[in-house]
Amino acid sequence: MIINTVILSWVTFIYFGSAVFYIFKMVTGKEFCGSLASIIAFIGLIAQTAGLILRWFESYKMGIGHAPLSNLYESLIFFSWTTVLLYLIIEWRVKTKNLGAFVVPFAFFSMAFASFSPNVNARIQPLIPALQSNWLISHVITCFFGYAALTIACGLGFMYLLKGLEKGESPRLFFRLLPDREIVDELTYHSVVIGFIFLTLGIITGSVWAYSAWGSYWSWDPKETWSLITWLIYAAMLHSRFVRGWRGKRMAIMSIIGFASVLFTYFGVNYLPGLHSYF
Amino acid sequence: MPLKMKKIFFSFFSSLKLTITLLIIIAVASILGTIIPQQYGGGESFRHLSPGLFKVFNSLQLFDMYHSVWFIILMGLLSLNLIVCSLDRFPASWKLFTAIPSPDRSKPFENLPPESVILTEKDRNEVIESVANILTKRYKKIRRKDADSATFFYGERGSYSNFGVYIIHLSSLIVISGAIIGSLLGFQAFVNIPEGESTNTVHLARQKGVKKLDFTVRCDKFSISFYDNGMPKEYRSNLSFIKDNNVILEGPLLVNHPITFNGIRFYQASYGSTPGGKAYITVIRENKEENTLKVKQRDSFYLKEKNTKVKILRIEKNLMSMGPAVLINIQSPEGNMQFWVFKHIDKIRERIPGLFKKVPKFNPGRFKPYYFKLDRIESNYYTGLQLSHDPGVVIVAIGSIFIILGLFITFFSSHKRLWVRVDEQDGKTKISVGARSNKDPVGLKREVEHLLSYFSSIG
Ligand code: HEM
């Protein structure tokens, strides 16, 4: 195995450790666990960054140099990288560690899927002609930052609903430790906005790529269509907030539905009849 | 009653319920479209499964749903919804944009948090002048009102923020109209051109049938190159565009690098090989190379020997998974003899010991004292081109750029309006700051804190 895949499979375990400590922190309320979880996640992020850069170098050493964003393995790695990066930024800005228990597991699952699924090929492969495009790189980057923000929104949605379960005078401990529902709602909204903007940019850069590679900026291919469906779901969500003032539980549910659509755009589409599912 | 009709029409099309309903219907229809195969004979497999269902689906245009009448109607309704909504709201937004509220409103100063009020020992008139200075530097549309007991200021920034939504909505309409223009006035077509040949007739993709171009495209050469691991690295067609027998444009066409000629974009879409090809055969006589020939199928040539004619019967790129091979017939006074000449004959013999005994027809030295060697085969390729003419692209591109602009204005700017009052309290000069914003309360709070820090440095 090449060194970068070794590093990246370690990162899987690092994120697992971080997720476990975030959950401990949420359940026990021990600040110590939270700090440890953040530090572990940060170490994981640095190792992952190093792994990605190494992979990039290795591809150049093989004479087929390209950014590590070209197949399912690399996209899964990049997805967890953007998710953890964005999460740590939010944690640092908002100063709450409870969200980690809802977000870092996604990064772990993605890494685990990339590293251990027999269906995912970790080898560095050269780029077939259709993928030799800078627009494709900007497309992947914008899409995955969008996916990361929407993953965080989904985590917040779960958090909101979980908090909704609290009843009576003395809620069990970890419910009390979650931030205020209003803050969760506000954070969900901001994450969705960021995700929506990146999604829009992702769709646009994707069509520019399609316009130079596939003969049409939009050909209603399942992947394109599903990205539009996802976009419409989030547009409907934002509109119901702007104009009808939907808040709270409805937003939480919408953010989970929207994320399901993101996941389907990402994975499910490969099971539909299509022209160019490039994974 | 036309007036009542108009009202009903307006209230129907200006409702957000309609928008959300339409967005959801379009989303669901799009989901269907990814399950039911679309276009290019997508329905054919369906026809066999269930002819009855096929008829129903076909009449609903479910096999080309994104171009169907009802899908276009949905888009039209959405656009109408958007237009009516915008018309409905625009006057209010415009008023908000142009109007300047009076500085001495009392509302903004109600329930001010204590940190929004500063008391200072400084002289009131001095403070008023400093406040006026600070405000004019930071804000627009400054208004001032001097009353007996107090001086009031109003200032604002980011009043354009209210138009972000209109920009997004208008640009969405622009994108939709660009897409419709493209599908009405544009076309997609494809054509296969063998190397060395030219054509001016292409096959339309959606409309079916053929289309004659007013120029000719020639494929001079097609080539593929591979990476070491066998994955394709580059598909390249050398094309010439010819008008009135003059080559106007010449160039390589690669995937991701389309060529535009006469408003039509050409894409490298596929390739294939035409039957036959060229073979390079070396003739060896008594271990001495005589010459190497480049031959096509049905070519023939003579050997030095006594009226002996060699004819190429077949050229195979991969015969029985054993690689390139050529079938030749040798006609000599002794009669006819046929055998295959494999390119990798040495390897094949290693794998199958005693091959020539078992299959004499695979022996390239069967006609003594000659030995034939197949150096390589050059396939004849055809290149598969996709053509696209879409006059809506520019419109869609402009719309997309403005959508992004509109998103940034909508989400990253806000209309901040500030009221400042300078008066006296207990012999001290008092500055109070009230503020309103259309969104982003956090940003507004920061803005107020900023302003207050300026004010407190006056004193
Ligand atoms: C093509 C897609 C879109 C359609 C069909 C659409 C349609 C509408 C409609 C019909 C309204 C209601 C207007 C009213 O009640 O007066 C509305 C409001 C609004 N839309 Fe959109 N919209 C679209 C895209 C967007 C996008 C991408 C955004 C940005 C995220 C956006 C932001 C808003 C906002 C902020 C409002 C509220 C306006 C207000 O309260 O003044 N819209 N939209």
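Letters go in sequence order (proteins before strands), and every chain restarts at 1. Quantities reported herein were computed from a predicted structural model and do not represent experimental measurements.
For the atom pair CZ (B/Arg265) and OG (A/Ser212), the distance works out to 7.0 Å, reported to the nearest 0.5 Å. The structure places CG of B/Leu254 at 8.5 Å from CD of A/Gln132, a figure rounded to the nearest 0.5 Å.
Residues A/Val243 and B/Arg89 approach most closely at CG1-NH2, 4.0 Å, considering heavy atoms. Nearest heavy atom pair, residue B/Asn256 against residue A/Pro129, reads ND2-O, 3.2 Å. Among all heavy-atom pairs drawn from A/Tyr217 and B/Ala179, the shortest one is OH-CA, 3.6 Å.
Here B/Pro232 is the residue among B/Ala397, B/Pro232, B/Ala269 with the most heavy-atom pairs under 4.5 Å with chain A. Taking chain B as the reference chain and counting heavy-atom pairs below 4.5 Å, the highest number among A/Pro126, A/Ala130, A/Ala236, A/Ser207 is found for A/Pro126. With respect to chain B, the highest number of heavy-atom pairs below 4.5 Å among A/Ile229, A/Ile64, A/Ile128 belongs to A/Ile229.
Contacts of B/Tyr235 with chain A are made by both backbone and side-chain atoms, with heavy-atom separations under 4.5 Å. Residue A/Ile203: no heavy atom, backbone or side chain, is found under 4.5 Å from chain B. Within the 4.5 angstrom heavy-atom criterion, no atom of B/Phe226 approaches chain A. Looking at A/Ser240, both its backbone and its side chain come within 4.5 Å of chain B, counting heavy atoms on both sides. Residue A/Ile233: no heavy atom, backbone or side chain, is found under 4.5 Å from chain B. Contacts between A/Thr200 and chain B at a heavy-atom distance below 4.5 Å involve the side chain alone, from C-beta outward.
When side chains are defined from C-beta on, A/Ile197 counts as touching B/Phe408, because their heavy atoms get closer than 4.5 Å. B/Leu407 is listed as a side-chain neighbour of A/Phe196, based on a closest heavy-atom distance under 4.5 Å.
Counting heavy atoms of neighbouring residues, nucleotides and ligands inside a 6.0 Å radius, atom NZ of A/Lys61 does not exceed 12 of them.
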For A/Phe264 and B/Ile31, what are the C-alpha separation, side-chain angles and deciding distance, and is it a side chain to side chain contact (heavy atoms under 4.5 Å, CB included)?
-> CA-CA 11 Å; A/Phe264 195 80; B/Ile31 292 174; over 6 Å; no
Would you please test A/Trp218 and B/Val396 for side chain to side chain contact (heavy atoms under 4.5 Å, CB included) and show each step?
-> CA-CA 11 Å; A/Trp218 193 266; B/Val396 173; over 6 Å; no
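Using the six-membered ring where Trp is involved, B/Tyr267 and A/Tyr211 have ring planes that are perpendicular, over 60° apart on the 30 and 60° scheme.
Side-chain atoms of B/Gln188 come within 3.5 Å of backbone atoms of A/Gly215 as a donor-acceptor pair (strictly under, hydrogens ignored).
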